[in-house]
> 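For reference, the structure I am asking about is given below.
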Protein chains: 2
Amino acid sequence: MDRFEDIRAAALELFTRQGFRATTMADIGAAVGMRGPSLYKHVESKQDLLARIMTTTMEALSAGYRTAVASSDDPAQRLRRATEAHVRYHARHRLEAFVGNREIRSLVDPHRARVLALRAEYEHGFRELVADGVAAGVFHVDSVRLASYAVLDLGMGVSAWYREDGELTEDAVVWQYSTFALRLVGHTR
Amino acid sequence: MDRFEDIRAAALELFTRQGFRATTMADIGAAVGMRGPSLYKHVESKQDLLARIMTTTMEALSAGYRTAVASSDDPAQRLRRATEAHVRYHARHRLEAFVGNREIRSLVDPHRARVLALRAEYEHGFRELVADGVAAGVFHVDSVRLASYAVLDLGMGVSAWYREDGELTEDAVVWQYSTFALRLVGHTR
DNA sequence: AGTTCCGGCTAACATCCATTAGCCGAGCCG
DNA sequence: CGGCTCGGCTAATGGATGTTAGCCGGAACT
């Protein structure tokens with residue numbers, strides 16, 4: 001019915017498997033049963049397709065972060081919740097997250113700057129969470145920046161190898177990874 | 001003097017910044033002061049340039065792993081040493097490591113299969129290290145596979161953000177990240 | 001029934017790119 | 001000195017690709 005959504009999904013799948021530049025409009029068309037040029041009846045451009053994927057992804061991550069942080073005042077609890085949201089998104093929307101991390105270079109400048117800004121803000125949020133825990137004396141790390149990078153990197157990894165039909169459920173991955181995050185920052189309960 | 005090495009280095013830099021497909025032979029040529037076609041006096045093909053980068057990278061990582069593992073019998077010590085080697089390589093050779101992780105899709109099939117095999121073996125090694133620690137009762141994780149992925153993912157992150165002229169020295173990053181790895185697997189000393 | 005418009009299609013355009021062919025100056029070898 | 005080889009260059013090749021233009025069948029509305 002909704003041709004646009006079909007196209008977006010097909011493009012996402014192909015961008016993930018082959019990369020943005022290696023995916024042709026003809027490929028995307030074939031995946032939804034039409035020729036390349038016909039796509040332009042539904043879509044503005046290949047670049048626009050990528051831009052939509054990347055901005056909605058970053059906005060979804062940011063929204064998840066805000067909800068997680070608002071749910072508690074305890075630093076450890078907040079970091080766990082934020083990491084859960086982070087990892088859950090990377091598992092549930094692994095294609096979006098994968099492309100979002102990998103194809104910033106392919107994004108052209110109005111959108112690119114916007115996505116980079118969103119991402120910087122997102123990273124900053126995690127750094128603050130770690131810093132709060134250190135200030136409260138419940139986390140112990142040498143470098144706050146390093147630790148927050150490490151936590152974020154865990155999520156990126158998930159989007160690379162997670163499979164819905166794998167042996168581990170989404171909840172299991174989310175739980176273990178958020179445990180990893182707390183261990184990593186030296187949380188003492 | 002050694003034109004080939006200059007070209008390799010320039011290609012590596014460009015592959016990192018723009019991606020393999022977005023980098024043209026003319027770009028690489030310009031970076032070493034010649035036109036695109038002239039490169040073929042020194043290099044077999046663009047694909048070959050990538051293949052050399054990726055295979056030498058995987059072989060260097062594997063060699064580092066073997067040395068690290070041979071250095072001790074204690075599971076915790078072995079995991080720390082292996083992670084140190086892993087992270088150190090990703091910091092010291094961040095361009096190689098970055099391209100190595102990101103451009104497998106651009107590698108064509110004789111080399112691609114080879115690199116994937118090397119990588120699978122490498123991952124398997126880390127899984128074993130974690131499994132040994134669990135068996136010895138010094139590590140505590142729900143899923144060995146998940147924990148070893150997490151440790152490996154930490155390294156990949158390093159190659160994305162590490163800068164030689166940053167505020168953190170290579171040794172500092174290596175030390176903290178290997179500490180993260182041990183905390184992550186629930187090492188009880 | 002006639003008309004409109006949606007959503008396909010093919011053809012054409014304008015690039016861009018890896019690679020090959022063939023030329024040529026300069027330094028080295030005999 | 002004369003030729004050979006090295007390593008550059010330009011031109012050409014062969015193909016791919018994003019996008020635009022314009023056609024056309026059929027469904028839907030009046």
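The chains referred to below are lettered A, B, ... by the order of the sequence lines, with proteins before strands, and numbering in each begins at 1. Only a predicted model underlies this, so the values are computations on that prediction, with no experimental measurement involved.
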> Taking the basic N atoms (NZ, or NE/NH1/NH2) and the acidic carboxylate oxygens, is any pair closer than 4.0 Å for B/Glu44 and B/Arg52?
no
> Any side-chain N or O of B/Arg3 below 4.0 angstrom from OP1/OP2 of D/dG8?
yes
> For nucleotides 16-18 of chain C, give me every protein contact, N/O to N/O, under 3.5 Å, one pair per line with atom names.
| from | atom 1 | to | atom 2 | distance (Å) |
| --- | --- | --- | --- | --- |
| C/dA18 | OP1 | B/Thr23 | O | 3.3 |
| C/dA18 | OP1 | B/Lys46 | NZ | 2.9 |
| C/dA18 | OP2 | B/Met25 | N | 2.9 |

> In Å and rounded to the nearest 0.5 Å, what is the CZ to CG distance from B/Arg80 to B/Leu129?
13.5 Å
> If only side-chain N and O atoms count, and only distance matters, is there a donor-acceptor pair under 3.5 Å linking A/Arg102 with B/Asn101?
no
> Should we count CD of B/Glu5 as having more than 12 external heavy atoms under 6.0 Å?
yes
> Tell me which one of A/Val174, A/Asp153, A/Val87 satisfies side-chain contact (heavy atoms from CB on, under 4.5 Å) with A/Val158.
A/Val87
> Phosphate oxygens OP1/OP2 of C/dC6: is one of them under 4.0 Å from a side-chain N or O of A/His42?
no
> Check this for me: does any side-chain nitrogen of one of B/Glu103 and A/Arg105 sit under 4.0 Å from a carboxylate oxygen of the other?
yes
> Over all heavy atoms of both residues, which pair between A/Leu152 and A/His86 is shortest? Give the atoms and the distance, please.
O-NE2, 3.1 Å
> Parallel under 30°, tilted from 30 to 60°, perpendicular over 60°: which one fits the rings of B/Tyr177 and B/Trp161?
tilted
> Is it true that A/Asp73 and A/Arg78 have a side-chain N and a carboxylate O under 4.0 angstrom from each other?
no
> Starting at atom CG of B/Asp2, determine the distance to atom C1' of D/dG7, rounded to an integer number of angstrom.
14 Å
> Axis-to-axis angle across the helix from C/dA1-D/dT30 to C/dG30-D/dC1, five pairs an end, to 10 degrees?
10°
> Under the salt bridge (charged side-chain N to carboxylate O under 4.0 Å, His left out) criterion, do B/Glu59 and B/Arg114 qualify, and how do the steps go?
CA-CA 11 Å; B/Glu59 277 160 4; B/Arg114 178 163 155 65; 2.4 Å; yes
> Could you check how far CG of A/Asp27 sits from C1' of D/dG18, rounded to whole Å?
13 Å
> Under 4.0 Å, heavy atom to any atom of DNA chain D: which of residues 29-39 of chain B qualify?
B/Met34, B/Arg35, B/Pro37, B/Ser38
> Please report, rounded to the nearest Å, how far the C1' atom of C/dG8 is from the CG atom of A/Asp6.
15 Å
> Taking the inter-plane angle between the rings of A/Tyr65 and A/Phe126 on a 0 to 90° scale, is it parallel (under 30°), tilted (30 to 60°) or perpendicular (over 60°)?
tilted
